[in-house]
Amino acid sequence: LPDFTAAFPEQGPITLQNGARLDASGNGGGRIVIRGGQLLVDNSKIEANTTGTGDGQGIDIAVVNNLDLLNGGQINSISTLGLGAGGNITVNAQSLRVDGGGLVDENFVPLTQISTSTGDLFSGGGPARGGDIVLQVGSLELANSAQITSASFGEGDAGRIDITAL
């Protein structure tokens, strides 16, 4: 993050809590770009899902310090119908902690997640590919029913997951 730090010498904290939503979902899913000192997503969602035939634009997060995804917190760029390609999720942070606190839904799927899935668990989906997840972090902690997933529930391929701990 040297270029980011030089361009923005003061990076403050960003907090999403108690059901907050940052949502750019739609036919092609808009693009979300987040820059800051640290990011807390606690029982909240950051989503740029594609709900139609347009390709998703994805989510790009770069924080100088910690990114904490807790208690049902989610970062999603999903192709809900599998008709338009899902967008990519890119995260750069000193540390990434994904801690679900043991929370799961009625199908025992972890509620705390980073996901670029394509299609639907029950109804399947079309031929579109899921997005990639690229994590460049100093450290990664994944605990207590949390997940990082790029699954395919339809005809399209899942995206790749690339984790680099520096």
Side-chain angles (χ1 to χ4, degrees), residues 1-8 10-25 29 31-50 56-79 85-105 107-119 121 129-153 156-166:
L1 297 175
D3 292 337
F4 171 64
T5 304
F8 301 98
E10 297 291 325
Q11 300 91 23
I14 301 169
T15 302
L16 283 79
Q17 290 180 301
N18 302 321
R21 287 181 70 114
L22 181 57
D23 194 343
S25 299
R31 179 143 179 88
I32 295 176
V33 177
I34 297 174
R35 300 290 184 265
Q38 62 190 30
L39 175 60
L40 170 65
V41 182
D42 186 354
N43 188 29
S44 298
K45 293 182 181 183
I46 298 172
E47 295 186 300
N49 300 330
T50 182
Q57 301 303 305
I59 300 171
D60 180 5
I61 299 173
V63 294
V64 175
N65 298 308
N66 306 333
L67 191 164
D68 293 313
L69 197 59
L70 310 172
N71 305 314
Q74 297 183 8
I75 300 172
N76 299 319
S77 187
I78 296 169
S79 175
N88 298 329
I89 296 175
T90 302
V91 173
N92 288 280
Q94 180 58 38
S95 73
L96 173 58
R97 179 170 61 126
V98 186
D99 188 336
L103 299 173
V104 295
D105 69 12
N107 298 305
F108 303 102
V109 175
L111 292 177
T112 305
Q113 66 179 355
I114 298 173
S115 178
T116 59
S117 300
T118 180
L121 179 62
R129 183 181 187 283
D132 296 332
I133 298 173
V134 178
L135 307 177
Q136 294 183 348
V137 297
S139 65
L140 171 63
E141 177 185 351
L142 191 63
N144 302 315
S145 296
Q147 70 177 356
I148 298 171
T149 181
S150 182
S152 175
F153 300 109
D157 292 336
R160 70 181 172 85
I161 299 174
D162 181 359
I163 300 172
T164 304
L166 306 171

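Quick note: numbers below take in every heavy atom, side chains included, and nothing from hydrogens, waters or symmetry partners.
- Between the OG atom in S95 and the CD atom in Q38 there is a gap of 9.5 Å [rounded to 0.5 Å].
- Under a 3.5 Å cut-off, the side chain of Q74 and the backbone N or O of L111 do form a donor-acceptor pair.
- Across Q147 and L142, no two heavy atoms sit closer than the pair N-CD1, 4.0 Å.
- One distance of note links CD1 of I133 with CD1 of I148; it measures 7.0 Å at 0.5 Å rounding.
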**OP:** Go through the steps for N49 and D23 under the test side chain to side chain contact (heavy atoms under 4.5 Å, CB included), then give the verdict.
**Re:** CA-CA 8 Å; N49 300 330; D23 194 343; 5.6 Å; no
**OP:** Kindly determine whether N76 and I46 satisfy side chain to side chain contact (heavy atoms under 4.5 Å, CB included), including the steps that lead there.
**Re:** CA-CA 6 Å; N76 299 319; I46 298 172; over 6 Å; no
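- Expressed to the nearest 0.5 Å, how far CZ of R21 lies from CG of L16 amounts to 11.0 Å.
- Of the candidates N43, D42, D99, N71 forms a side chain to side chain donor-acceptor pair (under 3.5 Å) with just one, namely D42.
- A salt bridge links R31 with D60: at least one charged nitrogen is closer than 4.0 Å to a carboxylate oxygen.
- Smallest separation of non-hydrogen atoms from A146 and A143: CB-O, 3.3 Å.
- In summary, the side chains of T118 and S152 do not present any donor paired with an acceptor at a separation below 3.5 Å, with no hydrogens or angles considered.
- Taking 4.5 Å as the limit, some side-chain heavy atom of Q17 sits within range of a side-chain heavy atom of L40.
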Subject >> Check against side-chain hydrogen bond (donor to acceptor under 3.5 Å, both in side chains), N65 and Q94 >> reply: CA-CA 5 Å; N65 298 308; Q94 180 58 38; over 6 Å; no
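- With salt bridges taken as basic N to acidic carboxylate O contacts below 4.0 Å, none links R160 and D157.
- Judged by distance alone, the side chain of D105 and the main-chain N or O of N107 form a donor-acceptor pair under 3.5 Å.
- Annotation: the span from S25 atom OG to Q57 atom CD amounts to 12.0 Å, rounded to 0.5 Å.
- Taking all atoms of both residues into account, the shortest heavy-atom contact from S150 to G159 is OG-N, 2.8 Å.
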**OP:** Determine, step by step, whether I89 and I75 satisfy the side chain to side chain contact (heavy atoms under 4.5 Å, CB included) criterion, reporting the C-alpha distance in whole Å, the side-chain angles of both residues, the deciding distance to 0.1 Å, and the verdict.
**Re:** CA-CA 8 Å; I89 296 175; I75 300 172; 4.0 Å; yes
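- Atom CD1 of I114 and atom CG of L96 lie 5.0 Å apart (nearest 0.5 Å).
- When atom types are taken as modelled, the side chain of S77 and the backbone of A48 share a donor-acceptor pair closer than 3.5 angstrom.
- Of the residues listed (I34, V41, I61), the one engaging I14 in a side chain to side chain contact (heavy atoms under 4.5 Å, CB included) is I34, and it is the only one.
- Between Q136 and I163, the closest side-chain pair of non-hydrogen atoms is not below 4.5 Å.
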Subject >> Evaluation steps, side chain to side chain contact (heavy atoms under 4.5 Å, CB included), between T164 and V137 >> reply: CA-CA 6 Å; T164 304; V137 297; over 6 Å; no
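- The nearest pair of heavy atoms linking T112 to L69 is CG2-O, 3.6 Å.
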